[in-house]
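Written below as structure tokens is the structure these notes are about.
Order of appearance sets the numbers: ligands from 1, and atoms from 1 within every ligand. For clarity, every value in this text was computed on a predicted model and none was experimentally measured.
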Amino acid sequence: MTLAWIGFSVATAAGLTSVVRFMFPNVLFEPPTRFKAGDPSTYSLGVDERWKEKFGVWIVRNTTQIYALVATCTHLGCTPNWLPAQNKFKCPCHGSGYYISGINFEGPTPRPLERAQIWESTDDGQIMVDKAVRYLYERGQWSDPMAFIKTA
Ligand code: FES
């Protein structure tokens, strides 16, 4: 009889614990999607990794434009690495590879990296990026004026 009561009490306590846990869920604090990325003149040609860790974005400058590539593999969501010696992004999970443009050329991923919205602030001329707004190559959206900053 005592054993039954102990079992019942333990089960009740476990049930109550899960109810309390439900009332206080683990909240994941994501960084804001929109951020100021500095003056365009601070970006030289190539891939800039200064925002990769905090915001998951590479800022890339080529001879005519600056664009923001989202550092999320379009296969299953791992974070690729920029390999300057090979001039490509490479995903460590299953080997997908992307050109500096973000277009995929090897591995299992079915599509290019996504680009994030980018513009120059009218207040101070600094680069603004909003990761919540995406531009997809396969939908022809990379030519959208908010998908890049024209530099030449
Ligand atoms: S998640 Fe990048 S190759 Fe699979």
Side-chain angles (χ1 to χ4, degrees), residues 13-152:
L16 277 178
T17 305
S18 48
V19 168
V20 171
R21 292 270 311 128
F22 177 77
M23 287 161 65
F24 300 95
N26 290 329
V27 178
L28 190 61
F29 290 100
E30 300 273 0
T33 64
R34 181 181 282 219
F35 63 97
K36 199 172 257 205
D39 195 274
S41 65
T42 63
Y43 290 87
S44 42
L45 284 180
V47 176
D48 190 293
E49 302 213 85
R50 75 181 87 162
W51 307 110
K52 183 188 173 188
E53 197 171 318
K54 188 161 183 201
F55 294 107
V57 167
W58 291 290
I59 306 280
V60 184
R61 183 178 199 137
N62 64 23
T63 51
T64 58
Q65 55 182 227
I66 294 175
Y67 52 90
L69 279 179
V70 177
T72 303
C73 183
T74 47
H75 178 225
L76 292 175
C78 289
T79 304
N81 297 306
W82 168 242
L83 306 181
Q86 296 169 48
N87 205 32
K88 70 178 183 183
F89 299 99
K90 184 76 173 169
C91 183
C93 290
H94 318 99
S96 290
Y98 305 85
Y99 295 122
I100 193 170
S101 63
I103 291 179
N104 55 306
F105 70 94
E106 64 180 354
T109 188
R111 62 193 187 87
L113 294 173
E114 297 181 351
R115 292 190 182 183
Q117 188 172 61
I118 189 168
W119 71 99
E120 276 180 282
S121 165
T122 47
D123 294 340
D124 54 12
Q126 292 211 36
I127 295 176
M128 297 292 300
V129 174
D130 191 347
K131 254 183 88 178
V133 185
R134 305 288 177 89
Y135 297 87
L136 307 189
Y137 173 80
E138 61 273 29
R139 295 202 192 140
Q141 295 169 339
W142 283 6
S143 55
D144 189 288
M146 293 297 279
F148 61 92
I149 293 172
K150 199 167 157 28
T151 56

(request) Could you tell me whether Phe35 atom CZ has more than 12 heavy atoms of other residues or ligands within 6.0 Å of it? (result) yes

(message) Does either side chain, that of Asp39 or that of Thr42, offer a donor lying less than 3.5 Å from an acceptor on the other one?
(response) no

(message) Is Cys93 disulfide-linked to Cys78, taking SG-SG under 2.5 Å as the test?
(response) yes

(request) If the plane angle is over 60° it's perpendicular, under 30° parallel, otherwise tilted; pick one for Tyr99 and Phe105. (result) parallel

(message) Rounded at 0.5 Å granularity, tell me how far NZ in Lys150 sits from CD in Gln65.
(response) 8.5 Å

(request) Measure from NZ or CZ of Arg61 to the centre of the six-membered ring of Tyr43, then state whether that distance is under 6.0 Å and the direction lies within 45° of the axis. (result) no

(request) With 2.8 Å as the limit, jot down which protein N, O or S atoms are around atom 4 (Fe) of ligand 1. (result) His75 ND1, His94 ND1

